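Below is one structure; the comments refer to it alone.
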Amino acid sequence: MQPLIAGNWKMNGLTAQLDCIETIAAAVRTAPPAAEVLLCLPATLISRGVRAAAGQFRIGGQNCASEVSGPFTGDISAQMLRDAGATAVIVGHSERRQLYDETDVMVAAKAEAAWQAGLVTIICVGETSEQRLEGQTLAVCAAQIDGSVPTGMAASANVVAYEPRWAIGTGRIPTLQEIAQVHAHIRLCLIARLGPAGKTVPILYGGSVTAADAHKILAVPEVGGALVGGASLNAAEFETIFRAAPAST
Ligand code: PGA
């Protein structure tokens, strides 16, 4: 499978940062990377981001509503993201689960809406540091997969990101053995949930991925790519990361 390197700009990015997207597009045009590149932008930048990317890589959103339209002031539907030019969306990011109390049920509804709108859906799972210390990592990820991944979802529309919460934005990452163990477990959970289709769902690792360690993480079995936060805000660092991905996983 072609690895996927997805950037997540979170609540960062103004008009002035569009040149970062143009820089990434120029790098991809000059030397196409082995990995597929995606940048998940704030909604306000999506349509301009699509223009700046100039067809060289894909643009996604970071969250969507579970409803298609209606009286939900401030919300943005999956269809609207699609209409703006996004081809993918992150759902259930741990910041949404933690800061906005998003439950597995809500994440599953958003994933379903995104899928119906024709977006590739990146569903995030991952344990807190307390859960890790209590030895709950595999059980937490399994429960989040069961609760957040809609059963009818086609593998082609579905990506899972393992993002230990304690690794996000902290500079701390699990050992490569730990990443391998959790990814292998998530693979089994996906097969149990989706049947044979679960074999082909890419499983990204996310949490403090940097240019310095990306190649080691991307070489771990069952790591199908990366979800990159802070390091995706810097075009050169993001380029080093997407060039670190092997031709196939
Ligand atoms: P980070 O964020 O790379 O800055 O740790 C990853 C994420 O939250 O998706």
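Below, each value reflects all heavy atoms present in this structure, side chains not excepted, and no hydrogens, waters or symmetry copies. Everything numeric here is computed off the predicted structure, so don't read it as measured data. Sequential numbering from 1 along the given sequence is applied to the chain's residues.
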Going through the checks in order, is the side-chain contact (heavy atoms from CB on, under 4.5 Å) test met by I217 and L176?
CA-CA 7 Å; I217 295 171; L176 300 179; 4.1 Å; yes
Nearest heavy-atom pair of [X] and [Y]: which atoms, and what distance?
X    : Y    : answer
A214 : A244 : CB-CB, 4.1 Å
E163 : G207 : OE2-N, 3.9 Å
S66  : A109 : CB-CB, 3.6 Å
F238 : G7   : CZ-N, 3.7 Å
P33  : V28  : CD-CG1, 3.8 Å
A78  : L119 : O-CD1, 3.6 Å

Under 3.5 Å donor-acceptor, [X] side chain and [Y] backbone:
X    : Y    : value
S148 : I145 : no
E237 : A211 : yes
Q62  : K10  : yes
T103 : M106 : yes
R97  : C124 : yes
W9   : P42  : no
R187 : V201 : yes
D213 : T210 : yes
Q2   : A34  : yes

Distance in Å, [X] [atom1] paired with [Y] [atom2], rounded so as to fall on 0.5 Å steps:
X    : Y    : atom1 : atom2 : value
L194 : T200 : CG    : OG1   : 8.5 Å
I123 : N158 : CD1   : CG    : 4.5 Å
F242 : L39  : CZ    : CG    : 10.0 Å
H183 : L188 : NE2   : CG    : 13.0 Å
T44  : L41  : OG1   : CG    : 8.5 Å
T170 : R165 : OG1   : CZ    : 13.5 Å

Evaluate the side-chain contact (heavy atoms from CB on, under 4.5 Å) criterion for residues T137 and Q181: first the C-alpha distance (whole Å), next the side-chain angles of each, then the deciding distance (0.1 Å), finally the verdict.
CA-CA 10 Å; T137 300; Q181 186 195 23; over 6 Å; no
Non-hydrogen side-chain atoms of [X] and [Y] separated by less than 4.5 Å:
X    : Y    : answer
V125 : V149 : no
V159 : L227 : no
C64  : V91  : yes
E67  : D75  : no
P164 : Y205 : yes
Y100 : N63  : no
Y162 : V223 : no
W166 : L133 : no

Out of curiosity, does [Y] fall in the hydrophobic cluster containing [X] (side-chain heavy atoms, cut-off under 4.5 Å, transitive links)?
X    : Y    : answer
V120 : I76  : no
V209 : L218 : yes
L233 : L204 : no
L81  : F57  : yes
L38  : I46  : no

So I24 and E239, side-chain contact (heavy atoms from CB on, under 4.5 Å) or not? Walk me through it.
CA-CA 7 Å; I24 297 167; E239 182 184 355; over 6 Å; no
Applying side-chain contact (heavy atoms from CB on, under 4.5 Å), run through E222 and I186 and close with a yes or a no.
CA-CA 9 Å; E222 292 292 9; I186 288 175; over 6 Å; no
Side chain to side chain donor-acceptor pair (under 3.5 Å) contacts touching residues 16-27 (sequence neighbours left out):
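Found none.
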Kindly write out the residues that satisfy side chain to side chain contact (heavy atoms under 4.5 Å, CB included) with Q131, not counting sequence neighbours, or none if the list is empty.
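Per chain and number, Q131 pairs via side chain to side chain contact (heavy atoms under 4.5 Å, CB included) with E127, T128, Q136, V140.
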Using the rule given for side-chain hydrogen bond (donor to acceptor under 3.5 Å, both in side chains), can you reason through R58 versus T87, listing the C-alpha separation, both sets of side-chain angles and the distance that settles it, and then say yes or no?
CA-CA 7 Å; R58 299 194 295 131; T87 60; 2.8 Å; yes
